[in-house]
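The analysis underlying the following values was restricted to heavy atoms, covering all of them including side chains, and did not include hydrogens, waters or symmetry mates.
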Amino acid sequence: MAVSQDQFQIKFRLSDGSDIGPKSYPHATSIVTLKESILAQWPKDKEYGPRTVKDVKLISAGKILENNRTVGECQSPLCDLPGGVTTMHVVVQPRTVEKAEKKVAGETKHNKCVCVIL
């Protein structure tokens, strides 16, 4: 598949080493749009998947990409290879943290003070 000069070939590397893509994206594509694409293409057989865009972090060239930026703005010198595929790493916020927060919020807190006099 021929890719024009105003597009990037991007694949997304998941934490288990599997990939989503590669797929072509224009330079003007926002990072939020990439995250929405990841949500839509997320493998259904994965145990822990993101539920919202806020659950996903994208890392490229060692930098966490900001939602308000575009693919063209986040371009690194390594992406300039003609016909090359850029790999972005996907980090998903674990759900166990949210469950733990809800559990703590539901419990009443008791201040306990223990003194030992010898």
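- Remark: side-chain polar atoms of Glu73 are paired, donor with acceptor, to backbone N or O of Thr70 under 3.5 angstrom.
- A heavy-atom distance below 4.5 Å is found between the side chains of Thr52 and Asp55.
- Residues passing the salt bridge (charged side-chain N to carboxylate O under 4.0 Å, His left out) test with Lys11, sequence neighbours excluded: Asp19.
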request  = I would like to know whether His27 and Phe8 meet side chain to side chain contact (heavy atoms under 4.5 Å, CB included); could you show each step before the answer?
outcome  = CA-CA 7 Å; His27 284 259; Phe8 286 116; 3.4 Å; yes

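- Heavy-atom minimum distance, Lys54 versus Gln93: O-OE1, 4.2 Å.
- The shortest distance between side-chain heavy atoms of Ile59 and Met88 does not fall below 4.5 Å.
- For the pair Ile20/Leu14, a side-chain contact is recorded, criterion being any heavy-atom separation below 4.5 Å from C-beta on.
- A side-chain contact (heavy atoms from CB on, under 4.5 Å) with Leu34 is found for exactly one of Thr29, Val90, Leu39, namely Thr29.
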inquiry  = For Glu66 and Ile31: C-alpha separation, side-chain torsions, deciding distance, then whether side chain to side chain contact (heavy atoms under 4.5 Å, CB included) applies.
reply    = CA-CA 7 Å; Glu66 299 173 16; Ile31 300 304; over 6 Å; no

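- Gln41 has its side chain within reach of Lys23: a pair of non-hydrogen atoms, C-beta onward, lies under 4.5 Å apart.
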message = Test side chain to side chain contact (heavy atoms under 4.5 Å, CB included) on Trp42 and Val56; report intermediate values, then the result.
response = CA-CA 11 Å; Trp42 192 267; Val56 177; 6.0 Å; no

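- Within the 4.5 Å cutoff, no side-chain heavy atoms of Phe12 are placed close to those of Pro22.
- You'll find the side chain of Ser15 stays beyond 4.5 Å of the side chain of Val91, heavy atoms only.
- For Ser30, the side-chain contact (heavy atoms from CB on, under 4.5 Å) partners at least two apart in sequence or on another chain are Val32, Thr33.
- Ser24 contributes atom OG, which lies 5.0 Å from atom CD of Gln7 (distance to the nearest 0.5 angstrom).
- For Asp16, the salt bridge (charged side-chain N to carboxylate O under 4.0 Å, His left out) test picks out Lys46, with sequence neighbours left out.
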